[in-house]
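Note sheet for the following structure.
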There are 2 protein chains.
Amino acid sequence: MPDKEVDRSLSQTVKAQLALRDLILNGELSPGDRISELPMVDRLGVSRTPVRMALVRLEEEGLLEAIPSGGFTVKSFTERDIFDAIEIRGTLEGLAARLAAERGASGSDLVSIRDCLAEMDTVVEQQLAGGNCFPAYVELNARFHEMLVDLAQSPSLVRQLERAVTLPFASSSAFVMVQAELPEARIVLTVGQDHHRCVVDAIEAREGARAEAIMREHARLASRNLRFALRNQETFDLIPGAALLRRRGRT
Amino acid sequence: MPDKEVDRSLSQTVKAQLALRDLILNGELSPGDRISELPMVDRLGVSRTPVRMALVRLEEEGLLEAIPSGGFTVKSFTERDIFDAIEIRGTLEGLAARLAAERGASGSDLVSIRDCLAEMDTVVEQQLAGGNCFPAYVELNARFHEMLVDLAQSPSLVRQLERAVTLPFASSSAFVMVQAELPEARIVLTVGQDHHRCVVDAIEAREGARAEAIMREHARLASRNLRFALRNQETFDLIPGAALLRRRGRT
DNA sequence: TGTTTTCAGGTTGTATACAGGCTGAATACG
DNA sequence: CGTATTCAGCCTGTATACAACCTGAAAACA
């Protein structure tokens with residue numbers, strides 16, 4: 001836990017939102033729990049207004065569920081919810097790649113993303129040689145996916161994808177940490193990086209259908225990681241937001 | 001305008017949200033306009049708190065844009081934004097159709113959607129015979145699309161699609177009214193209804209790829225309507241939220 | 001004993017007061 | 001005359017008071 005002392009320059013609302021999200025993701029608030037405003041006022045050290053705002057935002061984010069009669073509860077997720085979220089991300093990233101190919105990406109954008117690709121190559125190489133470069137890889141991976149979406153030059157799509165990725169386990173780097181423990185880690189890493197390269201090639205060659213198919217399949221690497229992660233407890237706990245997951249058949 | 005007097009049973013927040021949305025969609029607030037809370041308090045007859053809440057909600061909805069230093073402005077949209085929004089909807093509905101096919105829809109669900117299909121057949125027939133059944137068609141069309149998405153049995157996808165459709169011109173029935181003026185109206189209506197039937201057939205036959213392709217192409221009917229609507233002023237004004245559209249090259 | 005009613009506690013929705021920050025215009029200065 | 005500075009007005013973010021509502025439990029009644 002890096003930041004127990006929250007920066008005071010942040011607005012109270014943002015402070016509350018971050019703190020509340022942590023509380024949920026760390027499992028200090030369990031799925032189904034009703035969240036009342038007043039207790040949170042004490043717990044977060046801000047007044048009701050920012051707490052209220054944070055609750056609304058987190059509901060939009062998908063972590064909370066509104067109760068018809070007022071108030072919120074912590075949402076719970078099934079294994080299938082995660083699979084679906086990953087599939088949705090893959091589908092939208094596929095659309096982004098296709099649009100990028102069809103509309104044509106500018107030369108400078110392609111150079112930028114190829115630079116990113118090269119950096120990732122280095123990191124992947126070091127990782128395969130036995131180092132532990134996952135933090136660096138996660139960051140580069142996030143940057144790559146962001147740049148890719150931008151290639152589509154579609155604000156609507158960026159917006160939609162932002163939402164698709166808010167759930168912690170839906171993001172492109174959610175399962176990279178799990179991957180470290182995976183027996184087939186080398187394969188997934190190598191194949192994933194090849195996807196990255198191929199999709200850029202496809203976009204440059206204006207091969208829309210191919211670019212789309214690659215990104216869809218690319219997202220399914222995350223599904224594979226997920227399936228593995230669910231198999232034993234240690235890897236299960238590596239899943240971001242694992243506390244929100246209910247395994248087959250509970251309330 | 002059916003409801004100039006807003007139901008007093010609604011909460012102030014909802015009241016404010018509806019009124020504010022109308023104000024924006026009707027063009028009484030122009031794109032780029034900054035929306036201050038106090039003037040809205042006078043204009044909507046509710047206090048700052050509900051106004052504030054409505055603003056946050058409308059930002060999430062995509063009608064407003066947050067100013068970094070605080071406050072909101074009315075968003076503006078380009079022709080391409082709409083095309084992209086339609087493409088996104090088509091892509092997600094395609095995913096829904098594919099999942100429905102792959103996962104298998106229950107017999108009773110298929111019966112229900114076929115009932116809806118049959119009702120639409122009747123309406124389409126009457127329409128082609130010279131009647132004006134568009135309101136009925138719009139409602140049935142909305143119901144069909146809703147049922148289709150439900151067939152995928154994916155809460156995540158339902159959620160994502162709900163968001164994709166919040167923009168008024170992205171919804172499946174946004175351009176049906178324009179269609180009435182379209183020279184090729186008969187064709188679009190006939191083909192659209194055929195899409196509806198074919199996608200259900202595909203789902204029942206577990207033909208995922210076909211179901212997906214059909215829904216993608218189905219959404220492109222809306223793009224066709226849009227392209228036509230943009231050509232002259234009368235049809236342009238039929239576009240929901242037309243006031244938010246900026247034609248090529250303005251601030 | 002089972003059902004209905006009543007009531008108290010807590011919770012949310014709404015209104016409003018207050019403080020800090022931003023904006024834009026007028027003014028002073030180079 | 002152009003640029004930097006100051007200041008007033010407004011606006012948002014936050015805190016808090018108040019009221020309506022819902023919930024759950026105890027009590028009264030059939």
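First the proteins, then the strands, lettered A, B, ... as listed; each starts at 1. No experiment lies behind these values; they were computed from the predicted model shown. When reading the values below, keep in mind they use all heavy atoms of this one structure, side chains included, and skip hydrogens, waters and symmetry mates.
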### Query
To the nearest angstrom, how far is B/Ile67 atom CD1 from D/dC11 atom P?
12 Å
#### Entry: Salt-bridge criterion met for B/Asp42 and B/Arg48 (N-O under 4.0 Å)
no
### Query
Does the A/Asp33 side chain pair with the main chain of A/Ser30, one donor and one acceptor, at a distance under 3.5 Å?
yes
### Task
Identify the 5'-most and 3'-most nucleotides of DNA chain C with at least one atom closer than 4.0 Å to a non-hydrogen atom of chain A.
C/dT11 to C/dT14
### Task
Tell me what A/Ser36 touches on the nucleic acid: a base, only sugar-phosphate, or nothing, going by heavy atoms under 4.0 Å.
sugar-phosphate
Let me check something: any side-chain donor-acceptor pairs from residues 56-63 of chain A under 3.5 Å, sequence neighbours excluded? List them with distances.
| from | atom 1 | to | atom 2 | distance (Å) |
| --- | --- | --- | --- | --- |
| A/Glu60 | OE1 | A/Arg163 | NH1 | 3.2 |
| A/Glu61 | OE1 | A/Gln17 | NE2 | 3.4 |
| A/Glu61 | OE1 | A/Arg21 | NH1 | 2.9 |
| A/Glu61 | OE2 | A/Arg21 | NH1 | 2.6 |

### Query
Counting only N and O atoms by type, is there a donor-acceptor contact under 3.5 Å from the side chain of B/Ser36 to the main-chain atoms of B/Leu38?
no
### Message
Would the distance check show the side chain of B/Arg89 and the main-chain N or O of B/Ala170 forming a donor-acceptor pair, the cut-off being under 3.5 Å?
### Response
yes
### Task
Rounded off to whole Å, could you give me the CD-to-P distance for the A/Gln17 and D/dT14 pair?
12 Å
### Query
Which residue pairs satisfy the salt bridge (charged side-chain N to carboxylate O under 4.0 Å, His left out) criterion with at least one member in residues 232-243 of chain A, sequence neighbours excluded?
none
### Message
Angle between the two end axes of the helix from C/dT1-D/dA30 to C/dG30-D/dC1, five base pairs per end, rounded to 10 degrees?
### Response
10°
### Query
Hey, is B/Glu87 close enough to B/Arg80 for a salt bridge, meaning N to O under 4.0 Å?
no
### Task
Report the relative orientation of the aromatic rings in A/His196 and A/His145; use parallel for angles under 30°, tilted for 30 to 60°, perpendicular for over 60°.
perpendicular
### Pairwise salt bridge (charged side-chain N to carboxylate O under 4.0 Å, His left out) hits with a residue in residues 141-151 of chain A, at least two apart
A/Glu119-A/Arg143
### Query
Which part of the nucleic acid does A/Ile35 contact within heavy-atom distance under 4.0 Å: base, sugar-phosphate only, or nothing?
sugar-phosphate
### Salt-bridge contact B/Arg43-B/Glu28 (side-chain N to carboxylate O under 4.0 Å)
yes
When you compare the protein's N or O atoms with those of nucleotides 18-25 of chain D, which come within less than 3.5 Å of each other, and at what distance?
none

#### Entry: Distance, rounded to the nearest Å, where A/Arg52 contributes CZ and D/dG13 contributes C1'
16 Å
